[in-house]
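Written out below as structure tokens is the structure these notes cover.
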There are 2 protein chains.
Amino acid sequence: MKHRSSLAIPRLGGTSMSIREVAKRANVSTATVSRAIHHDSRVNAETAERVWHAIRELNYYPNVHARSLASGRSHIAGLIVSDITNPFFPELVQGFAEAALESGYDTLVASTNYDAARTSLAIRRMLERKADGVAIMTSEMDESLIAELKNRNVPMVFLDVAEPGRLISNLRVDYADGVGTAVRHLISLGHRRIGFLSGPDNLKSARVRREAFLECLSNAGLAIEDPRMVTDGGHRIDGGFDAMQRLLALDERPTAVLASNDLTAIGALRAIRTAGLRVPEDISVVGFDDIQLAAFTDPPLTTVRLPRTEIAERAFECLARNMDLGQEDGTEPVIGTKLVVRASTAPYHR
Amino acid sequence: MKHRSSLAIPRLGGTSMSIREVAKRANVSTATVSRAIHHDSRVNAETAERVWHAIRELNYYPNVHARSLASGRSHIAGLIVSDITNPFFPELVQGFAEAALESGYDTLVASTNYDAARTSLAIRRMLERKADGVAIMTSEMDESLIAELKNRNVPMVFLDVAEPGRLISNLRVDYADGVGTAVRHLISLGHRRIGFLSGPDNLKSARVRREAFLECLSNAGLAIEDPRMVTDGGHRIDGGFDAMQRLLALDERPTAVLASNDLTAIGALRAIRTAGLRVPEDISVVGFDDIQLAAFTDPPLTTVRLPRTEIAERAFECLARNMDLGQEDGTEPVIGTKLVVRASTAPYHR
DNA sequence: CTGTTAGCGCCTTCAC
DNA sequence: GTGAAGGCGCTAACAG
């Protein structure tokens with residue numbers, strides 16, 4: 001019989017005790033301990049109590065790796081985001097991780113940095129760690145890697161970029177509705193010349209918002225003539241700043257602008273003030289997302305709230321449906337938005 | 001001989017191929033495959049190449065759980081933060097995760113939400129997942145759980161709250177220096193009545209900043225007479241807003257204020273503007289941290305930069321030192337700060 | 001209701 | 001330089 005040398009020097013990671021010692025202590029087999037831990041109804045209540053007693057006494061807890069290996073389930077939920085540094089994501093991560101935790105899952109977060117190579121890496125890590133399900137909350141996705149996940153029957157949930165299918169869910173955000181509400185809000189305030197600070201064109205959600213904006217204006221009989229009224233703000237503060245400056249330089253500058261996200265709107269706020277104009281007296285500004293900061297800009301930003309915590313929770317629910325409930329089909333919950341009126345919008349007055 | 005039923009229905013998580021199939025394909029034993037994977041110098045170069053070829057052909061990658069189980073190392077680095085939703089942390093998480101990834105570690109992030117119970121839970125999870133090292137970047141720490149990590153020889157690194165020791169490192173931020181630079185900056189601009197928006201008193205780093213402020217003023221012969229010039233902003237935007245209002249209500253209001261963090265400063269900015277005053281013309285404001293947002297407030301915030309990415313990288317380095325280099329002692333790197341002068345400070349003029 | 005036992009996939013000593 | 005084989009800690013048949 002071979003023994004792993006029982007080192008005198010404590011090796012890193014230390015030595016934890018195993019199910020066997022609990023078994024010995026409780027005078028049962030390891031199988032029974034395992035059952036007791038999993039609250040298997042077949043074990044005698046008294047026996048179970050004895051086992052739990054031993055567990056507590058020994059301060060034992062299971063080795064998840066052994067468990068994963070034997071059971072084939074890792075109890076890890078993957079979450080892939082674009083950039084945790086973008087204020088949109090932390091709440092998403094938090095909400096997801098929390099929901100996961102409640103169901104006994106740890107969350108493995110990966111950031112793609114909007115980069116294809118890192119996206120592959122992220123998915124690779126999910127595969128390696130054998131994530132039981134993966135939420136992909138980014139738009140840059142690598143089809144072949146996704147296929148790999150699909151092949152291995154890993155449930156997935158996307159944010160607005162996929163069709164639901166077997167083990168694949170999709171959260172559908174009703175951007176059009178959000179944009180519509182915002183535009184109608186501006187129109188009802190008397191604005192007629194409304195500009196749009198769009199997001200990156202390769203972002204589907206950004207395209208959807210822009211299209212919705214255009215359509216909405218057109219429906220209201222306010223179709224845009226000057227194409228320069230729609231300009232790219234890149235979904236970032238500096239981009240929004242530059243884009244707004246472009247709008248301000250127009251002969252007929254807008255009396256109100258809608259931004260594709262809050263960061264852009266914040267940049268716009270600054271550009272307007274830098275130009276010596278006031279918000280909302282001279283120009284009204286509406287954002288999109290309602291990041292925490294939006295309530296604290298100057299003036300506080302009127303914006304369309306995208307409920308990130310709800311998105312996170314729904315996303316996990318979709319996965320849990322497949323992971324824990326044994327369903328094989330995907331779903332497509334719709335995520336609503338809500339206009340939050342603060343102080344960056346006001347009635348038009350010439 | 002018993003077989004695990006080879007299901008017709010693909011079970012979740014799918015079936016991945018194992019080292020054995022690679023071995024077969026490369027006409028070697030599993031041991032050799034294992035060695036090749038780990039670049040063990042004892043394997044013949046040609047053999048190794050054959051193995052790698054097979055690996056690529058089969059698109060094989062190792063099962064980390066089996067690996068962890070057998071090797072006793074999880075290649076997981078734990079990171080415990082207070083609140084990922086606080087703008088201070090995302091960059092920290094990102095920097096840490098990136099550094100970890102480069103060394104082949106995945107990061108397990110846990111959020112304590114400033115709550116003791118959740119802190120225990122976080123540490124418990126680290127233990128369960130057998131993290132090879134844990135960075136604890138929060139101040140609420142549970143001594144007994146920490147002891148548990150210590151017992152199991154899990155390397156740890158703290159941010160400014162612990163003494164270094166065996167397998168324990170500590171990052172020491174030179175807050176005093178940062179505060180000093182900021183105060184001297186204000187003094188050199190001619191300010192004499194300087195207020196301080198402090199942080200929560202139970203936060204060691206907040207206390208250090210306040211003490212440093214007091215001492216610095218006193219050294220400059222500007223010791224504060226009115227205790228109301230130092231008031232708690234709670235390290236949050238709304239707290240900063242309220243705190244600043246209190247300062248503004250003073251008979252002799254300050255001509256400049258230093259905030260214990262940027263969030264507080266942002267709240268102060270708003271309070272000042274709301275009161276009809278201007279920054280920096282009427283009051284200068286200095287923040288602390290230099291969160292991304294600081295560059296985009298109005299006016300852009302002069303602040304003391306706390307290099308979060310550097311902190312993150314150093315933290316991982318400390319762990320790696322124990323995890324990978326086999327060192328047993330801890331270290332205590334000093335993290336410097338740097339004054340970033342933007343537009344929220346200006347010379348005093350009556 | 002409980003015990004026995006064969007793996008899960010990999011690493012690692014030992015023998016060749 | 002390579003192979004054989006035990007064991008990491010746990011789960012899940014299967015047998016009682």
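Below, read A as the first sequence line, B as the second, and so on, with proteins coming before strands; counting in each chain starts at 1.
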Short side-chain N/O contact from [X] to OP1 or OP2 of [N], under 4.0 Å:
X        : N       : value
Thr32(A) : dG3(C)  : yes
Ser29(B) : dA4(D)  : no
Arg67(A) : dT11(D) : yes
Ser18(A) : dG9(D)  : no
Tyr61(A) : dG9(D)  : no

Residues Glu21(A), Lys24(A): salt bridge by 4.0 Å N-O rule: no

Report the distance from atom [atom1] of [X] to atom [atom2] of [N], rounded to the nearest whole Å.
X         : N       : atom1 : atom2 : answer
Glu128(B) : dG9(D)  : CD    : P     : 16 Å
His39(B)  : dG1(D)  : NE2   : C1'   : 17 Å
Arg73(B)  : dT12(C) : CZ    : P     : 10 Å
His38(B)  : dC10(C) : NE2   : C1'   : 8 Å
Ile19(B)  : dC11(C) : CD1   : P     : 6 Å
Arg42(A)  : dT2(C)  : CZ    : P     : 11 Å
Lys24(B)  : dA4(D)  : NZ    : P     : 13 Å
Asp40(A)  : dC14(D) : CG    : C1'   : 15 Å

Give the C-alpha distance, both sets of side-chain angles, the deciding distance and a yes or no for salt bridge (Lys or Arg N to Asp or Glu O under 4.0 Å) between Asp324(A) and Arg73(A). CA-CA 11 Å; Asp324(A) 297 336; Arg73(A) 309 211 38 203; 3.7 Å; yes

Checking Asn63(A) against Glu128(B): is there a side-chain donor and acceptor pair closer than 3.5 Å? no

Closest to side chain of [X], choosing from [options]:
X        : options                 : result
Thr30(B) : dT2(D), dA5(D), dC8(C)  : dA5(D)
Arg35(A) : dG3(D), dG9(D), dG3(C)  : dG3(C)
Ala70(A) : dC11(C), dG7(C), dC8(D) : dG7(C)
Ser34(A) : dG9(D), dT2(C), dT11(D) : dT11(D)

Quick one: label [X] by what it contacts on the DNA or RNA (base, sugar-phosphate, nothing), any heavy atom closer than 4.0 Å.
X        : answer
Val28(B) : sugar-phosphate
Thr47(B) : sugar-phosphate
His65(B) : nothing

Minimal heavy-atom distance between Tyr60(B) and Ser18(B), with the atoms involved, is CE1-C, 3.7 Å

Please report the closest heavy-atom contact between Asn170(B) and Val161(B), naming both atoms and the distance. OD1-N, 3.3 Å

Of Pro62(A) and Asn27(B), whose nearest nucleotide on DNA chain D comes first from the 5' end? Asn27(B)

On DNA chain D, does the nearest nucleotide to Ala31(A) precede the nearest nucleotide to Ala48(B) from the 5' side, or the other way round? Give the residue. Ala48(B)

Relative to each other, are the rings of Tyr105(A) and Phe316(A) parallel, tilted or perpendicular (30° and 60° limits)? perpendicular

